[in-house]
Amino acid sequence: MINNVVLVGRLTKDVELRYTPANQAVATFTLAVNRAFKNANGEREADFINVVIWRQAAENLANWAKKGALLGVTGRIQTRNYENAQGQRVYVTEVVADNFQMLESRSAREGGQQGGGYTPSQSQPTNSNFGGNQPSQTQSSPATPDFGRDSDPFSGGTPMNLSDDDLPF
């Protein structure tokens, strides 16, 4: 049987960390996961999925991830039931996470930066040469390569002059 779950979403609130009587860490959280399609109004809806993670991973998640953090989670779906104080049977379906990955830096999330890539500061030149010895030159950007299905990457170039002695086999 296969029971694998892979989710990417944002935390709806800070992770709730608790400890069992046997001193095992358990964290619960809700992940907002966007649906792949838009509704009739053109808006994207989200599913709010309850997730549980155990032991050291639970402590790490509670220490590092805060509300709004973009997370990747792998695990499995689990169902359980219990009887509440009113005597009613309550059924719960949740994801039991085996692993998580923070998918953006905290500074990117808090600063509103997208992608989390490197952005040079104003004091650093943006046209620096990495060799250090060569004077900077202005280069015209080459035409964008055509990676289409029908394009031939070997056309238009000069043919290579190879003999049988040049081949290693």
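Hydrogens, waters and symmetry mates are skipped; everything else that's a heavy atom, side chains included, is used.
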Is Leu31 reachable from Trp54 through a run of I, L, V, M, F, W or Y residues, each pair having side-chain heavy atoms under 4.5 Å apart?
no
For Val8, what residues pass the side chain to side chain contact (heavy atoms under 4.5 Å, CB included) criterion, not counting sequence neighbours?
Leu70, Leu103
Determine whether Leu71 and Leu61 satisfy the following criterion, side chain to side chain contact (heavy atoms under 4.5 Å, CB included), listing intermediate values before the conclusion.
CA-CA 10 Å; Leu71 286 182; Leu61 182 66; 3.8 Å; yes
Got a sec, which residues hit side chain to side chain contact (heavy atoms under 4.5 Å, CB included) with Phe48, two or more places apart in sequence or on another chain?
Thr12, Thr30, Ala32, Ala46
Could you tell me whether the side chain of Arg10 and the main chain of Gly68 form a donor-acceptor pair under 3.5 Å?
yes
Co-members of the apolar cluster containing Val92 [side chain, <4.5 Å]
Tyr82, Val90
Arg76: what forms a side chain to side chain contact (heavy atoms under 4.5 Å, CB included) with it, not counting sequence neighbours?
Asn3, Gln78, Val96, Asp98
So, using side chain to side chain donor-acceptor pair (under 3.5 Å) as the criterion, who are the partners of Gln86 when residues are at least two apart?
Asn84
By salt bridge (charged side-chain N to carboxylate O under 4.0 Å, His left out) - contacts of Arg55 (at least two apart):
none
Under the salt bridge (charged side-chain N to carboxylate O under 4.0 Å, His left out) rule, what pairs show up with a residue in residues 23-40, not counting sequence neighbours?
Arg35-Glu45, Arg35-Asp47
Give, for atom CD1 of Ile77 and atom OG1 of Thr93, the distance between the pair rounded to the nearest 0.5 Å.
7.5 Å
Residue list, side chain to side chain donor-acceptor pair (under 3.5 Å) with Gln56, at least two apart or on another chain:
Asn60
Same cluster (ILVMFWY, side-chain, under 4.5 Å), Val95 and Val26
no
Salt bridge (charged side-chain N to carboxylate O under 4.0 Å, His left out) partners of Glu83, counting only residues at least two apart:
Arg89
Taking only residues two or more places apart in sequence, or in another chain, which ones meet Arg44 in a salt bridge (charged side-chain N to carboxylate O under 4.0 Å, His left out)?
none
Among Val51, Val52, Ile49, Asp14, which residue meets the side chain to side chain contact (heavy atoms under 4.5 Å, CB included) test with Phe29?
Val51
Partners passing side chain to side chain contact (heavy atoms under 4.5 Å, CB included) against Leu17 (at least two apart in sequence or in another chain):
Tyr19, Ala25, Ala27, Ala58, Glu59, Ala62
